[in-house]
Amino acid sequence: MSKSFYVTTPIYYVNDVPHIGHAYTTIATDVIARFNRLKGNKVFFLTGTDEHGQKIERTAEANGEKPIELANRVVKRFQDLSGALNITNDDFIRTTEERHRISVEEIFKRVEAAGDIYLSEYEGWYDVREEAFITETQLEEIQNMPEDKRPVIEKVKEESYFFRLSKYQEPLLEHYEKHPEFVQPSYRLNEVARFVEGGLRDLSISRTTFSWGIPVPGNPKHVIYVWFDALTNYITGVGFPSDEKMFEENWPADVHLVGKDILRFHAVYWPAFLMSAGLPLPKTVFAHGWWTVEGEKMSKSLGNVVDPYQVVDEFGADVFRYFLLREIPFGQDGDFSKSAIVARVNGELANGLGNLVSRTLGMIEKYFDAKVPEPTAFSADDEAIREKAFSAVSTFEKEMDEIAFHKALVSLWHYIAEVNKYVDESVPWTLAKEGNTERLATVLWTIAQAIGAVTILIYPFMPISAEKMWSRLGSTDSLDSKHLIHAKEWGVVQSGQTVVKGDSLFPRFDDK
Ligand code: MSP
């Protein structure tokens, strides 16, 4: 039985509707999933919603609804996002599902059986927005913040079950040491390791002052801490504890993709829970950066929260996907603005790629009755552009394996520029005028192969456009049946296929 490539998004809180931050994590995960399918891997891709906890309970209360009513209403906005953004998740997990309660109870019992849970009292501070217990150091940091930047925290004093996190300080450090790929980008690993070296205190993992959550097995006065509950979704989603076959096929996860704000939960608490329960650890936790909007932090109070559905309406899903992953090096923060999207569309999509496709297909229509011609003798230039395609595919693959989307796209557009240069230098319009049909056929055939390769490579990023390009090239098979190796198969676009120039693939936007 071969192991699947298993990739996850964080599960989203249902206290609020999705914004571009959520769309970002989900799109990036989708591109990883699609790229791995393109490599020929079996893939399992999980996303979902985090529906328990004090924050959800309070939001529901404020709306005059039951928490489950709030969850049932908001979850639709997250589920529909898959359609709007072309997300290929295999499952969508909600933490209020029965399968998840069973899974959380089971891991709780295993951790308890390992001697890592004890009853005591928590006295300290809690951040309801982040659903996080505040450590002494964090409290100090908060007190030093300017007043308007300080998170709202509350004093808590209640009976609580604790997890012996302190016991895992050394094992965690050892794991980071042995598996530096566990936390990426690498500068994030250093942050996490410094935090753990600073000392780990046992973690409160149950609450008694509200009830919206999964009860502690054997003591229903307590509900399980929402992060213990939420992190467990990653194993519930692949069949834990009942479907052993599915679990074996998928666990451990290859990549948990998360925002930098929730790295600690994934790189410290989650592996400690898993070690305690005797389960294998995920291979990589990758933390991405945060988006600001026109230079400002995105927030409800500023009224600048960007709705992903609106961006899709205005620019289309492909442009949105391309922009988010091309604009900033993955891992770093970036700024979102319509003018930045327009600049990318006009400069790279319309000019670079769209123009290459439309002029090539236009010439095949005009000079060869829309049939991809037969090549004859290849010149050194033809060979060179083919060689460049091979190395473009290899570079792309390497950069995608490193989850460096931005680099992969830059390299690919570098190749597209090379192909445009080849077109200009081969002067097909002059060859046509001179009646040099043989050479013209070889040149247009060569460009068609280059476009075929590019189509396969952009498929994970811009699935709709890639499919359009694929059918305009006259291919009748599905792009889904193509793998990365086909991008190197110079000849993937066959002579005799009927092309269609069609309307412009990436219409330009007015940059005012
Ligand atoms: N429910 C937890 C995750 C539990 S995972 C076991 C949670 N949910 S969230 O809805 O608040 O956030 C989900 C993701 O959205 C996080 O990865 C977070 O980093 C991301 N983003 C939220 N705002 C963002 C930006 N402004 N920019 C980029 N990503 C952002 O945390």
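Start at 1 and go down the list; that is how both ligands and their atoms are numbered.
Ranking protein heavy atoms by distance to atom 3 (C) of ligand 1, first place goes to Ile11 O, 3.2 Å. Among all non-hydrogen protein atoms, the one lying nearest atom 31 (O) of ligand 1 is Ile262 CG2, 3.6 Å. Among all non-hydrogen protein atoms, the one lying nearest atom 8 (N) of ligand 1 is Tyr13 CD1, 3.3 Å.
Residue Glu121 qualifies as enclosed at atom CD: its count of foreign heavy atoms under 6.0 Å is above 12. Atom CZ of Arg150 sits in a crowded spot, with more than 12 heavy atoms from other residues, nucleotides or ligands closer than 6.0 Å. When the shell of 6.0 Å around CD of Glu248 is examined, it contains 12 or fewer heavy atoms from other residues, nucleotides or ligands.
Under a cutoff of 6.0 Å and an axis angle of 45°, Lys55 and Tyr13 form a cation-pi pair. Note that Arg188 lies outside the cation-pi zone of Phe286, set by a 6.0 Å cut-off to the ring centre and a 45° limit from the axis. Both tests pass for Arg207 against the ring of Tyr126: distance under 6.0 Å to the centre and angle within 45° of the axis. Figure legend: Arg264 and Tyr269 shown without cation-pi pairing, the cationic atom not lying both under 6.0 angstrom from the six-membered ring centre and within 45 degrees of its axis.
The closest approach between Glu131 and ligand 1 stays at or above 4.0 Å for every heavy atom of the residue. Residue contact annotation: Glu130 has no non-hydrogen atom under 4.0 Å from ligand 1. Under a 4.0 angstrom heavy-atom cut-off, His266 registers as being in contact with ligand 1.
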Query raised in the report: Between Phe228 and Phe273, does a ring-ring contact (aromatic ring centres under 6.0 Å, His included) hold up when you go through it step by step?
Result: CA-CA 8 Å; Phe228 188 95; Phe273 298 156; 4.7 Å; yes
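Contact annotation for Trp227 and ligand 1: only side-chain heavy atoms (C-beta onward) come within less than 4.0 Å of the ligand.
For ligand 1, one of its N or O atoms has an N or O atom of Asp50 under 3.5 Å away. By the 3.5 Å distance cut-off applied to N or O atoms, Gly259 is counted among the residues near ligand 1.
The closest non-hydrogen atom to atom 15 (O) of ligand 1, taken over His22, His256, His52, comes from His22. Counting only non-hydrogen atoms, the option in Phe265, Trp291, Trp290, Tyr234 that gets closest to atom 6 (C) of ligand 1 is Tyr234.
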